[in-house]
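Have a look at the structure below, then the notes.
Quick note: numbers below take in every heavy atom, side chains included, and nothing from hydrogens, waters or symmetry partners. Within every chain, numbering begins at 1; the chains are lettered A, B, ... in the order of the sequence lines, protein sequences first and strands thereafter.
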Number of protein chains: 2
Amino acid sequence: MKPETRKEEIIKTAAKLFKEKGYSAVTMRDIATAMGIKAASLYNHISSKQEILKDIIISLAEAFTQGMQQIKTAESSTIQKVEAVVKLHVEITAQNTYGMASLNNDWMHLEEKRDYYLSLRSGYESDFRSILLEGIKRKEITNSNVEVMLFSILSTLRSLYLWIPKKEDVTPDTLSKSLSTVLINGINK
Amino acid sequence: MKPETRKEEIIKTAAKLFKEKGYSAVTMRDIATAMGIKAASLYNHISSKQEILKDIIISLAEAFTQGMQQIKTAESSTIQKVEAVVKLHVEITAQNTYGMASLNNDWMHLEEKRDYYLSLRSGYESDFRSILLEGIKRKEITNSNVEVMLFSILSTLRSLYLWIPKKEDVTPDTLSKSLSTVLINGINK
DNA sequence: ATAATCAACTAACAACTGTTAGTTTGGGAT
DNA sequence: ATCCCAAACTAACAGTTGTTAGTTGATTAT
């Protein structure tokens with residue numbers, strides 16, 4: 001098996017608790033108890049509660065940014081790019097549903113790294129918006145309200161962390177495909 | 001003007017702070033300071049911090065449940081029912097974006113009323129699922145994965161509280177219509 | 001004028017918070 | 001055997017938490 005460091009175990013345990021109750025409601029004693037040790041012992045491995053949150057969120061945010069860079073520079077149709085964005089979200093979320101809860105709900109408690117996170121996030125949204133605008137110009141997607149399309153798709157993808165754990169039998173690949181179908185074609189007959 | 005009670009002012013102020021930082025990170029002293037009084041003075045009007053959260057969330061949850069009852073018993077097409085659900089969300093959210101943040105993110109801190117909230121929520125989801133299943137049977141909507149359609153639409157509607165404040169110039173009616181268009185027809189040409 | 005009510009106040013509480021300092025334990029390398 | 005070191009421990013801290021008790025001043029009703 002992979003030799004997981006103690007610090008990584010702490011972060012994983014914390015992420016799970018953060019998903020259940022939110023960052024502020026989880027105490028260092030909660031995290032320690034979940035690991036079977038005392039709160040003070042955590043500080044042999046991490047420097048602060050803040051740092052745990054930062055490690056959870058920033059690595060995920062950077063993974064999304066990096067994934068988007070590849071998608072936007074690829075030579076593919078708009079529909080294919082949207083499908084790639086869906087796949088990116090499903091795959092990252094499927095392998096870290098706990099962390100995604102913090103990314104969505106606890107980023108405001110990042111303090112020093114908060115502005116950095118927000119810049120990654122708005123860059124990501126801008127890139128996605130550009131993909132949709134380009135698709136309209138090229139007449140590859142429908143010419144309706146871009147902001148509404150952007151909002152609708154991103155909201156769905158950002159909520160994946162809540163649904164994936166409830167459908168464990170579905171593989172990421174299957175989910176990506178049915179999700180793309182619904183987002184691209186809607187529910188109309 | 002409407003004669004707003006002091007208790008209602010407290011709830012409104014608290015909801016605003018809860019949206020920014022989450023229930024657990026907001027202290028009674030934060031709420032009091034935002035109102036220009038001391039924390040202990042709040043207790044002349046409310047009985048506990050818990051009660052504030054309960055008042056915010058339960059009234060909203062019951063409004064959704066009540067709205068859904070009317071939609072499901074109406075004699076209209078599946079598409080019309082989905083449009084009605086969209087409208088229900090847009091209208092409730094538009095007039096209380098702060099409260100909707102608590103409903104989405106802080107319901108786990110409800111304690112005594114938590115189970116009641118969860119029962120309202122799962123009843124609501126069941127009703128919506130039934131509408132979609134009926135639509136497939138009647139061949140009014142596409143026969144793809146119901147759970148994915150349900151998840152996609154509900155995720156978008158539940159995230160409205162984050163987007164409506166950023167587009168103040170859009171009326172609820174206009175938003176409902178463009179949202180319905182995108183959710184029903186997708187983005188494909 | 002007097003009484004009652006509302007809504008603020010000060011002071012204090014016991015419990016809990018993140019974190020630090022210093023110490024102990026047990027296994028692996030020398 | 002001895003040393004080293006990772007990783008646990010106990011004890012304690014200063015600050016913050018929700019909440020209670022009792023008081024005061026202003027407005028309203030009698």
Using a heavy-atom distance cut-off of less than 4.0 Å, which residues of residues 108-115 of chain B contact DNA chain C?
none
Name every donor-acceptor pair, under 3.5 Å, that has one atom in a side chain of residues 81-88 of chain B and the other anywhere in the protein, sequence neighbours excluded.
none

Against Tyr161(A), only a single residue in Ile92(A), Leu103(A), Asn96(A), Thr93(A) fulfils side chain to side chain contact (heavy atoms under 4.5 Å, CB included); can you say which?
Thr93(A)
Could Lys49(A) and Tyr23(A) be counted as a cation-pi pair, given that NZ or CZ must be under 6.0 Å from the ring centre and within 45° of the axis?
yes
Is there a continuous path of hydrophobic side-chain contacts, each under 4.5 Å between heavy atoms, that joins Val90(B) to Trp163(B)?
yes
Taking CE from Met35(A) and P from dA7(D), how many angstroms apart are they, rounded to a whole number?
11 Å
Approximate separation, where rounding is to 0.5 Å, of Ser159(A) OG and Leu154(A) CG:
10.0 Å
Sort me out a list of protein N/O and nucleotides 7-9 of chain C N/O pairs below 3.5 Å, or just none if empty.
| from | atom 1 | to | atom 2 | distance (Å) |
| --- | --- | --- | --- | --- |
| dA8(C) | OP1 | Arg6(B) | NE | 2.6 |
| dA8(C) | OP1 | Arg6(B) | NH2 | 2.7 |
| dA8(C) | OP2 | Arg6(B) | NE | 3.4 |
| dA8(C) | OP2 | His45(B) | NE2 | 2.8 |
| dA8(C) | N7 | Asn44(B) | ND2 | 2.3 |
| dC9(C) | OP2 | Lys38(B) | N | 2.5 |
| dC9(C) | OP2 | Ser41(B) | OG | 2.8 |

Can you tell me if CD on Glu112(A) sees more than 12 non-hydrogen neighbours from other groups inside 6.0 Å?
yes
At a cut-off of 3.5 Å, list every protein nitrogen or oxygen paired with a nitrogen or oxygen from nucleotides 15-18 of chain D, distance to 0.1 Å.
| from | atom 1 | to | atom 2 | distance (Å) |
| --- | --- | --- | --- | --- |
| dG18(D) | OP1 | Val26(B) | O | 3.4 |
| dG18(D) | OP1 | Lys49(B) | NZ | 3.0 |
| dG18(D) | OP2 | Met28(B) | N | 2.8 |
| dG18(D) | N7 | Arg29(B) | NH1 | 2.9 |
| dG18(D) | O6 | Arg29(B) | NH2 | 3.0 |

Around Lys189(A), counting heavy atoms of other residues, nucleotides and ligands shown, do more than 12 lie under 6.0 Å from its NZ?
yes
Separation of Leu42(B) atom CG from dC6(C) atom P, in whole Å?
17 Å
Relative to each other, are the rings of Phe64(A) and His89(A) parallel, tilted or perpendicular (30° and 60° limits)?
tilted
Taking the six-membered ring of Tyr117(B) (Phe, Tyr or Trp), confirm whether the NZ or CZ of Lys113(B) is under 6.0 Å from its centre and within 45° of its axis.
no
Show me the donor-acceptor pairs within less than 3.5 Å that the side chains of residues 128-139 of chain B make with the rest of the protein, sequence neighbours left out.
| from | atom 1 | to | atom 2 | distance (Å) |
| --- | --- | --- | --- | --- |
| Arg129(B) | NE | Glu147(B) | OE2 | 2.7 |
| Arg129(B) | NH2 | Glu147(B) | OE1 | 3.3 |
| Ser130(B) | OG | Ser126(B) | O | 3.0 |
| Glu134(B) | OE2 | Arg138(B) | NE | 3.0 |
| Arg138(B) | NH1 | Glu140(B) | OE2 | 3.3 |

So does Glu9(B) pair up with Lys12(B), basic N to acidic O under 4.0 Å?
no
On a heavy-atom basis, the closest approach of Ile56(A) and Gly99(A) is CG2-CA, 3.6 Å
Find out whether Met35(A) and Ile10(A) are in side-chain contact, i.e. whether some heavy atom of one side chain is under 4.5 Å from a heavy atom of the other.
yes
Every protein N/O lying under 3.5 Å from an N/O of nucleotides 25-28 of chain D:
none

